[in-house]
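Just below is one structure, and these are the notes that go with it.
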Amino acid sequence: MDEILQVKGITKRFDDIVVFENLNLTVKKGEVVVIVGPSGCGKSTFLRCLNALEDIQEGEITLDGESINRNKKDISRIREKIGMVFQSYDLFPHLTILQNITLAPVKVKKRPKAEAEKEALELLERVGLLSKKDNYPRQLSGGQKQRVAIVRALIMHPEILLFDEVTAALDPEMVKEVLDVVLSLAKEGRTMIIVTHEMQFARAAADRMIFIDGGRIVEEGKPKDFFENPKTERLQKFLQTFTYDDEK
Amino acid sequence: MDFAVIQEYMPLYIEAFILTVKIGWIGIALSLVIGVAAAFVMHFKVPVLSRIAKIYVELFRNTPLLVQLFFIYFALPKIGIQMSAETCGALGLGLLGGSYMAEGFRSGMEAIPASQSESALALGMVKRQMFTSVIFPEALSLSVPAIVANVIFLLKETSVFSAISLMDLMFTAKDLIGLYYNTTEALFMLVMFYIVMLLPVSLIGSYLEKKARLATFGE
């Protein structure tokens with residue numbers, strides 16, 4: 001398989017605080033990489049570096065062979081190929097659901113409005129929200145908003161999708177409706193990098209698991225090995241925080 | 001109250017009303033342009049310009065319109081800048097209003113979470129698209145209550161135009177009282193014309209506020 005994203009030796013510092021150092025990652029076309037790790041380990045920052053919402057201080061990120069961190073001028077063109085879904089959904093409150101989805105294809109990709117709307121409606125139908133097309137974001141629940149945010153990223157036909165803790169702000173009963181959508185995207189062969197705290201979902205969606213702690217990749221592997229036979233003590237401890245034994 | 005007097009005064013008041021409304025709205029339009037521009041440079045901390053905008057806002061917010069109008073109408077001609085009373089009125093109102101509008105827009109822009117710009121950028125928008133399609137319309141929705149309040153305030157401030165001998169409503173009322181002593185009728189008409197001018201603005205304003213609330217961030 002072709003390698004689509006390459007991250008070589010990147011370091012991120014805020015002033016003199018090192019968030020992560022010398023991180024490497026290669027993602028192949030169609031691969032689903034799930035990143036887990038304790039809060040504050042730098043995994044969200046890492047994701048934000050991948051579409052240059054954050055600067056990096058050292059190293060190189062390339063998408064399709066094009067440098068992301070050295071292409072400041074052209075970054076918006078590269079970002080079109082990278083879909084990102086945020087924890088806080090960030091729909092545009094002054095636009096209806098349909099307008100939220102068609103804004104970027106029409107303004108950025110200069111696609112005809114009617115064509116963008118047609119595709120938007122198809123995608124909305126797919127996530128079960130066709131009836132909400134003329135509503136405003138504040139009239140939707142968190143889970144519905146997040147599904148719209150996913151559609152808004154999909155309509156740009158990105159080559160890679162980044163999910164930054166997309167269920168962290170949701171009420172528990174809404175988590176599944178969002179993860180089902182993400183899982184179905186994973187199963188249809190899209191290239192994705194997912195940061196999450198939902199371990200069962202991670203296991204179901206991932207082709208490869210990555211555990212980041214203290215700004216370093218501590219362990220990576222196939223989901224089965226990763227969850228059943230973690231090699232490092234730090235991953236073992238981390239995974240234990242998600243289980244409830246009465247022996248403790 | 002003598003209705004014959006009211007009828008007689010009516011054409012004068014209507015003329016003054018048209019003049020007041022015209023200069024009032026020109027001033028308000030000017031204040032919106034100045035306000036957006038000043039808020040923009042202050043919010044994005046444009047070097048030099050943001051400092052100038054800040055000084056402008058503090059200068060005009062903290063001096064009365066009457067004083068500003070005197071300055072523009074009586075002091076500027078001394079250094080060779082002469083304008084008609086109408087231009088002075090519109091300009092004075094625009095400058096005063098601009099300082100209020102700037103603060104209104106700026107607070108609107110500041111209420112927008114940074115993640116809104118990020119999600120616009122992540123969709124591939126360039127900064128200009130981000131501003132025109134996301135930040136500006138959102139700031140506008142959030143600023144509607146402040147803008148409506150400012151518009152009403154500015155329309156009422158037109159009553160000081162009479163001080164630079166503009167034939168506005170206030171001037172007309174004072175003039176007629178001075179000439180014919182029909183104080184009750186003249187003042188009654190003054191109040192009525194101001195209500196006719198402002199009530200629709202209030203009503204449309206409430207409607208806009210209700211509409212704009214839909215477009216804000218409330219959960």
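Everything numeric here is computed off the predicted structure, so don't read it as measured data. To find a chain, count down the sequence lines: A is the first, B the second, and so on, and within it residues start at 1.
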| message | If I measure from the heavy atoms of chain B, does L103(A) come under 4.5 Å with its side chain, its backbone, both, or neither? | response | side chain
| field | Closest approach of R213(B) to R138(A) (non-hydrogen atoms, all atoms of both residues) | value | O-NH1, 2.7 Å
| S141(B) portion near chain A, given a 4.5 angstrom heavy-atom threshold | side chain
| query | Among K81(A), M84(A), K107(A), which has the most heavy-atom pairs under 4.5 Å with chain B? | reply | K107(A)
| request: Check step by step if side-chain contact (heavy atoms from CB on, under 4.5 Å) holds for Y89(A) and S115(B). | output: CA-CA 9 Å; Y89(A) 345 115; S115(B) 54; over 6 Å; no
| request: Residue by residue, scan residues 157-181 of chain A and write down, ordered by number, those that have a heavy-atom distance under 4.5 Å to chain B; if none do, write 'none'. | output: none
| said: So which atom in P93(A) and which in Q116(B) form the shortest heavy-atom distance, rounded to 0.1 Å? | reply: CD-OE1, 3.5 Å
| field | side-chain contact (heavy atoms from CB on, under 4.5 Å) between L123(B) and R79(A), intermediate numbers included | value | CA-CA 7 Å; L123(B) 285 166; R79(A) 280 183 183 136; over 6 Å; no
| message | Need one label for A212(B): side chain, backbone, both or neither, based on atoms under 4.5 Å from any heavy atom in chain A. | response | neither
| task | Anything in residues 52-74 of chain A with a heavy-atom distance to chain B below 4.5 Å? Please list those residues in order. | result | L53(A)
| task | Give the minimum heavy-atom separation between S76(A) and M125(B), together with the two atoms involved. | result | CB-O, 3.9 Å
| task | Heavy atoms only: give me the nearest S133(B)-H94(A) pair and the separation to one decimal. | result | O-NE2, 2.9 Å
| said: Quick check on Q87(A) against chain B: is it the side chain, the backbone, both or neither that has a heavy atom closer than 4.5 Å? | reply: neither
| said: Using heavy-atom distances under 4.5 Å, tell me whether Q129(B) contacts chain A through its side chain, its backbone, both, or neither. | reply: side chain
| query | Which pair of non-hydrogen atoms, one from N51(A) and one from A122(B), has the smallest distance, and what is that distance? | reply | ND2-CB, 3.8 Å
